[in-house]
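Data block below; observations after.
Count residues from 1 along the sequence. Please read all numbers here as calculations on a predicted model, not as lab measurements.
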Amino acid sequence: MNLHEYQGKEMLNSFGVEIQRGIVAKNPAEAVTAAKKLTEDTGTGWHVIKAQVHAGGRGKGGGVKLAKSLVEVEQIADQIIGMHLVTPQTTAEGKLVSQVLVAEDVYYPGDSEPSEFYISVLMNRATGRNMIMYSTEGGMDIEAVAENTPHLIFNEEIDPTMGLLPFQARKIAFNLGLSGKAFKQMTKFVSSLYTAYVKSDSSLFEINPVLKTSDDRVIAVDAKVTIDDNALFRHKDYEALRDLREENPVEVEAKAVGLSYVDLDGNVGCMVNGAGLAMATMDLIKQAGGDPANFLDVGGTADAERVEIAFNLILKDPNVKAILVNIFGGIVRCDRVAQGIIDAYKSIGSIEVPIIVRLEGTNADIAKKLIDDSGLDVYSVIEFQEAADKVQEVLA
Ligand code: GDP
Ligand code: MN
C-alpha cells in the first residue's frame with residue numbers, strides 16, 4: 001500500500017524523522033488557513049504547494065510550486081487542485097489532484113548551498129537483507145544517476161539480527177560529504193528512518209530529496225512510503241490511510257471479494273487456481289507470443305459463482321483478446337470446475353473473446369467432454385502445450 005506524501009511524512013515524523021512541515025488542504029480556502037498556521041508555527045513566509053497523488057515526478061509536471069504570499073497560496077492551490085497532473089509516472093490523462101500539501105519553504109532565500117541527497121530503504125532481494133541506498137545526487141532523476149554515474153550511488157546493507165549499527169550511520173553521513181552539526185543530524189536522520197522502516201513494516205522508503213539546509217538541518221522534503229500489505233493486519237491505523245481513489249479499481253473490487261488480482265499490460269486474461277500455477281501460466285502465455293493481461297488466482301474453490309466473478313473482472317480490461325483458464329483439479333474436481341465455467345458463461349450471456357480452458361487433474365476427461373458438449377465457444381484442452389498452441393492460434 002502506498003501512502004501520500006503528507007501521510008508518509010507524518011508517519012516518519014512519529015518515529016523522530018525530521019520533515020518539512022506541512023498541512024493538507026482540499027480547497028484554496030483551506031490552503032490559506034494552512035499557510036497562516038504554518039507561518040505561526042515555523043515562521044516561514046513562503047510556502048510550497050504540492051499535489052498529493054500517488055506518482056513521482058510531480059515537480060516536473062507542475063504539481064509542486066512555490067508561493068511567496070497568501071494570495072499566491074490561494075492562486076496556486078486553486079490551479080493545482082482539480083488539475084489532471086501528468087508526470088513521467090502517470091498515464092497520458094494524468095491523475096486528478098483532489099488535495100495539496102501546503103508546506104513550509106525550506107529552501108531559504110539566498111541559501112547558497114542547499115544540498116539535496118537521495119536516501120531510500122528497501123530490501124535487497126539478492127541477499128534477503130534490508131539496505132539503505134543513498135547518493136549525493138538527490139533532488140533530480142535518480143534513475144538517470146544510476147544509468148550515467150552509478151558510482152555516485154552507495155549501498156549499506158543491514159544485518160537483520162543487529163539492525164543499523166552506529167558506525168553504519170556515520171559511514172553514510174561521511175560518504176554524503178557532511179561534517180560537524182550536519183554530520184550528527186544525518187546520523188540521527190538515518191537511524192530514525194531505519195527504525196521507522198522496520199517498525200512500520202514498510203517495503204520501500206524513498207526520500208528524494210533529503211535536504212541539508214545552510215543552517216545544518218537535515219530534513220525529508222519528499223516521502224514515498226510503501227507499506228507491506230501482508231503486514232497491514234498489525235497496523236490498523238495505517239490501513240485507514242489507504243486512498244482507494246489512487247488504486248486500480250478492478251484490483252480494489254477483486255480484493256473486496258477475496259480474489260487475488262493484479263492488473264498487467266498484456267492482452268491475454270488468465271484465470272488460474274494457485275499462485276505458482278498462475279506464475280507458470282503467465283510464462284506459458286509469454287512463450288506463446290502473448291502477454292498476460294493480469295495475474296488472477298481464483299483459489300481452491302473454483303465454483304460457478306467465483307468463476308463468474310473472475311470472468312467479469314477479466315472482461316473489464318478492454319485490452320483482453322483471449323482468456324486462458326488453467327485449473328488444476330486436485331482438491332476440487334475438474335468436472336465441477338467445468339460445470340462452473342459453463343454456468344458462468346451462460347449467466348454472463350455474451351463473451352466476445354475466445355476462451356481456452358485447460359483442466360488437468362481429477363476427472364479431467366469428464367470435464368473436457370462437458371465443455372466440448374456444451375456447444376459454447378470455449379476451447380478445451382488438457383495438455384499445457386496444447387493450451388499454449390491454442391493461445392497462439394487465437395491471437396494470430
Ligand atoms: P516530486 O517531483 O514528486 O519528487 O516532488 P518533491 O517533493 O521531490 O518536490 C520536487 C522539487 O520541488 C524538489 O526537488 C525541490 O527542488 C522543490 N521543492 C520542494 N520543497 C521545496 C521548498 O520548500 N522550497 C522550494 N523552493 N522548492 C522546493
Ligand atoms: Mn521527490
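With a 4.5 Å cut-off on side-chain heavy atoms, Tyr345 and Glu308 do not count as touching. Using a 4.5 Å cut-off on side-chain heavy atoms (C-beta onward), Thr226 and Met1 make no contact. Between Glu360 and Cys334 the shortest side-chain heavy-atom distance does not fall below 4.5 Å. The side-chain heavy atoms of Gln20 and Lys50, taken from C-beta on, include a pair separated by under 4.5 Å. The side-chain heavy atoms of Ser98 and Arg245, taken from C-beta on, include a pair separated by under 4.5 Å. In this structure, the side chains of Ile153 and Ile142 come closer than 4.5 Å at one or more pairs of heavy atoms. Taking 4.5 Å as the limit, every side-chain heavy atom of Met131 sits out of range of all side-chain heavy atoms of Glu156. Taking the side chain as every heavy atom from C-beta outward, Asn155 and Asn124 never approach each other to under 4.5 Å.
Comment: Glu393 engages Lys390 in a salt bridge, judged by a side-chain N to carboxylate O separation of less than 4.0 angstrom. A salt bridge links Asp222 to Arg58: one of the charged nitrogens lies within less than 4.0 Å of a carboxylate oxygen. Using a 4.0 Å cut-off between charged nitrogen and carboxylate oxygen, Lys36 and Glu40 do not count as a salt-bridge pair. Salt-bridge check for Asp291 with Lys286: passed, with a basic side-chain N closer than 4.0 Å to an acidic carboxylate O. Salt-bridge formation is not detected for the pair Lys188/Glu18: no Lys NZ or Arg NE/NH1/NH2 atom is positioned less than 4.0 Å from an Asp or Glu carboxylate oxygen. Salt bridge absent: Lys212 and Glu116 never bring a charged side-chain N and a carboxylate O closer than 4.0 Å. With respect to Asp216 and Lys184, no salt bridge is recorded, no charged nitrogen being found less than 4.0 Å from a carboxylate O. A salt bridge links Glu247 with Arg242; the closest basic N to acidic carboxylate O contact falls under 4.0 Å.
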*Show your working on side chain to side chain donor-acceptor pair (under 3.5 Å) between Asp343 and Gln339 and close with a plain yes or no.*
CA-CA 6 Å; Asp343 293 349; Gln339 195 56 53; 3.1 Å; yes
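Side-chain contact check for Tyr118 and Ser120: at least one donor-acceptor pair (N or O, by modelled atom type) lies under 3.5 Å. Between the side chains of Asn248 and Asp263, at least one donor-acceptor pair of N or O atoms lies under 3.5 Å. Looking only at atom types and distance, the side chain of Asp201 has a donor-acceptor partner in the side chain of His235 under 3.5 Å away. Counting only N and O atoms by type, the side chains of Thr44 and Thr42 include no donor and acceptor under 3.5 Å apart. A donor atom on one side chain and an acceptor atom on the other are not found under 3.5 Å apart for Thr149 and Glu137.
Residues forming a ring-ring contact (aromatic ring centres under 6.0 Å, His included) with Tyr134 (at least two apart in sequence, or on another chain): Phe154.
In terms of modelled atom types and a separation under 3.5 Å, the side chain of Gln52 and the main chain of Tyr6 share a donor-acceptor contact.
Summarising the local packing, CD1 of Ile331 is surrounded by 12 or fewer heavy atoms from other residues, nucleotides or ligands at distances under 6.0 Å. At most 12 heavy atoms of other shown residues, nucleotides or ligands fall within 6.0 angstrom of atom NZ in Lys37. Heavy atoms of other residues, nucleotides or ligands lying less than 6.0 angstrom from CZ of Phe384 number more than 12.
Annotation: side chain to side chain donor-acceptor pair (under 3.5 Å) contacts involving residues 379-388, sequence neighbours excluded, comprise Gln385-Asp389.
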